[in-house]
Amino acid sequence: MRRERELERQLRETPIPEEAEAEERSWEVVRAAYSERVPVVPSHRTRRLVLAVAVGAALLALGFSPAGAKMGDWVRDVVGEEDAKPRLTSLPAAGEILVESDGAWIVRSDGSQRRLGDYDEAAWSPRGLYVAVTDGADLFAVDPAGEVRWKVSAPSQVQDPVWGGIGFDTRIAYRSGDDLWVVAGDGTDKRVVARNVAHVAPAWRPLFPEAKVNAAPEGAGGIHLLTYVDMAKQTHTVDVDTRRPGPTTREDFERLSASPSGAPAGRALSPDGQSFAVVRRVGGRDELVLTHPNQEEEQVLFSAPGNLTGPTWSPDGRWILTGWPEADQWVFIRAEEECLARPEQPRCVEAIGEISSQFASGDDGDAPFPRVSGWILPER
């Protein structure tokens with residue numbers, strides 16, 4: 001993969017004030033998320049060497065220390081989940097996962113993987129029938145077998161493709177330089193929606209499938225409403241078909257830093273819209289926390305030294321996937337009631353080790369740590 005990006009986890013946890021104050025607060029949140037990115041993670045071989053050296057040094061030092069009794073616990077804390085499976089053989093819930101690592105990949109529920117090609121970024125279509133992928137200044141739509149259906153080119157590198165809409169009436173928004181573009185789901189009607197936009201992924205307002213109308217305040221109009229941030233830190237919502245501006249809601253602000261399918265923010269909205277999975281920094285550790293809008297209660301589901309990536313919800317809302325680059329693991333955490341009450345019990349956490357090598361396209365087994373771009377239940 002040519003460009004590795006992981007968003008930082010500084011996200012809003014307080015109500016958004018009115019109008020202008022809300023726009024300023026929203027901009028600060030998303031700007032921090034996109035500017036403070038986690039550096040590219042070394043390959044799994046490099047990580048193993050670093051861990052081995054660290055553990056070896058600690059063991060040597062321990063020969064002169066009375067702390068030997070705690071060494072086993074310390075090693076597990078550094079290396080990762082000790083019961084991690086060596087290979088990804090199945091997903092804990094139905095659906096397919098879209099992955100960016102040494103190209104774009106699809107992981108099926110049985111754990112099988114297909115590499116779509118040597119692409120930079122990837123995004124599911126709403127029904128999982130196609131994937132939008134980028135390669136330099138080109139945007140492609142490919143099917144799950146990797147066959148290219150159409151291609152459009154942009155003046156400069158294409159970034160942050162986001163697919164919105166419903167049924168066959170879909171649109172793809174993407175950035176090229178400082179411009180925001182939109183193209184129809186069949187590759188036609190490519191046009192600029194806005195210029196001088198910030199380097200932040202836009203967010204579509206979701207639709208009500210039955211009525212094919214937008215979840216918008218009265219008077220907003222349109223069924224393809226897109227929210228974006230400009231260079232002046234102002235947030236806008238526009239009907240991309242008519243270019244008519246509409247009001248920006250609090251939910252629009254939220255979607256700039258959270259996604260139900262696990263886009264690269266450190267905050268993901270559950271499929272039922274009732275909870276957020278949030279990664280936050282506490283001391284030298286990251287915590288995966290379950291929060292509820294307009295409620296004070298929250299619950300720590302998982303804690304690890306170093307950094308966690310994601311999170312991503314399973315389509316049924318029963319599992320949350322987070323990445324642990326330092327351990328080279330994917331960690332699946334059950335979000336069901338029995339595990340929320342006792343997260344330490346068996347079967348509440350499932351880890352997959354050596355995850356980077358499982359997305360390597362070459363013979364050397366080296367690949368960047370895989371970033372999850374979405375987990376959906378395809379309608380095919």
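Below, all heavy atoms of this structure are taken into account, side chains as well, without hydrogens, waters or symmetry copies. Every value quoted in this text rests on a predicted model; they were computed, and no experiment measured them.
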Is a side-chain donor or acceptor of [X] paired with a backbone partner of [Y] at a separation under 3.5 angstrom?
| X | Y | value |
| --- | --- | --- |
| E326 | N307 | yes |
| Q329 | I352 | no |
| T134 | E121 | yes |
| D110 | T89 | no |
| W181 | A154 | no |
| D102 | S361 | yes |
| H199 | D178 | no |
| D328 | S356 | yes |
| W324 | P305 | yes |
| Q358 | L88 | yes |

What residues, two or more places apart in sequence or in another chain, satisfy side-chain contact (heavy atoms from CB on, under 4.5 Å) together with [X]?
| X | answer |
| --- | --- |
| R243 | R191 |
| S153 | D138, K151 |
| E96 | I106, R108, W124, P378, R380 |
| T242 | D239, R244 |

Side-chain contact, heavy-atom cut-off 4.5 Å: [X] with [Y]?
| X | Y | result |
| --- | --- | --- |
| R267 | V279 | no |
| W375 | L98 | no |
| W330 | V372 | yes |
| P202 | T227 | no |
| T237 | R205 | yes |
| L139 | W150 | yes |
| Q157 | Q159 | yes |
| H224 | D169 | yes |

Point to revise | Distance-only polar pair, side chains of D252 and T249, donor-acceptor under 3.5 Å | key: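 The answer is yes; a qualifying pair exists.
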Check your understanding: Have T235 and T248 got a donor and an acceptor in their side chains that come within less than 3.5 Å?
Key ->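 The answer is no; no qualifying pair exists.
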Point to revise | Co-membership, hydrophobic cluster, residues V183 and L129, 4.5 Å side-chain | key: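 V183 clusters together with L129.
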How long is the gap from [atom1] on [X] to [atom2] on [Y], to the nearest 0.5 Å?
| X | Y | atom1 | atom2 | result |
| --- | --- | --- | --- | --- |
| F332 | S314 | CZ | OG | 9.5 Å |
| D179 | S156 | CG | OG | 7.5 Å |
| S125 | R149 | OG | CZ | 11.0 Å |
| D186 | T170 | CG | OG1 | 7.5 Å |
| S270 | L290 | OG | CG | 8.0 Å |
| F302 | C348 | CZ | SG | 12.5 Å |

Can you list everything that forms a salt bridge (Lys or Arg N to Asp or Glu O under 4.0 Å) with [X]? Sequence neighbours excluded, please.
| X | value |
| --- | --- |
| R127 | E379 |
| R115 | D118 |
| D83 | none |
| E287 | R280 |

Where do [X] and [Y] come nearest, in terms of heavy atoms and distance?
| X | Y | answer |
| --- | --- | --- |
| A277 | P311 | O-CG, 3.3 Å |
| V152 | G187 | CG1-O, 3.7 Å |
| V99 | V107 | CG2-CG2, 4.0 Å |
| E100 | S373 | OE2-OG, 2.9 Å |
| G353 | A84 | N-CB, 3.9 Å |
| A132 | I172 | CB-CD1, 4.0 Å |

Review point. Is there any salt bridge (Lys or Arg N to Asp or Glu O under 4.0 Å) pair reaching into residues 301-316, and which pairs are they, with sequence neighbours excluded?
Key: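 Residue pairs with at least one partner in residues 301-316: D316-R318.
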Review point. Under 4.0 Å between a Lys/Arg side-chain N and an Asp/Glu carboxylate O for R171 and D241?
Key: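 Between D241 and R171 there is a salt bridge, with a charged N closer than 4.0 Å to a carboxylate O.
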Practice item. Could you work out the complete set of other residues in the hydrophobic cluster of V240, with links drawn between I, L, V, M, F, W and Y side chains under 4.5 Å apart? Key: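 Taking Ile, Leu, Val, Met, Phe, Trp and Tyr as members, V240 shares its hydrophobic cluster with V162, L180, V182, V193, V197, W204, L226, Y228, V238.
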Exercise for review: Could you pull out all residues at least two apart from F140 that satisfy ring-ring contact (aromatic ring centres under 6.0 Å, His included)?
Suggested key: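 F140 satisfies ring-ring contact (aromatic ring centres under 6.0 Å, His included) with Y119 only.
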**Study point:** Identified side chain to side chain contact (heavy atoms under 4.5 Å, CB included) counterpart of V331 within the set I320, L321, T322, L288
**Key:**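 Exactly one pass, corresponding to T322.
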Point to revise | Within residues 85-108 or reaching into it, pairs that qualify as ring pair (Phe, Tyr, Trp, His ring centres under 6.0 Å) - sequence neighbours excluded | key: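 Residue pairs with at least one partner in residues 85-108: W105-F359.
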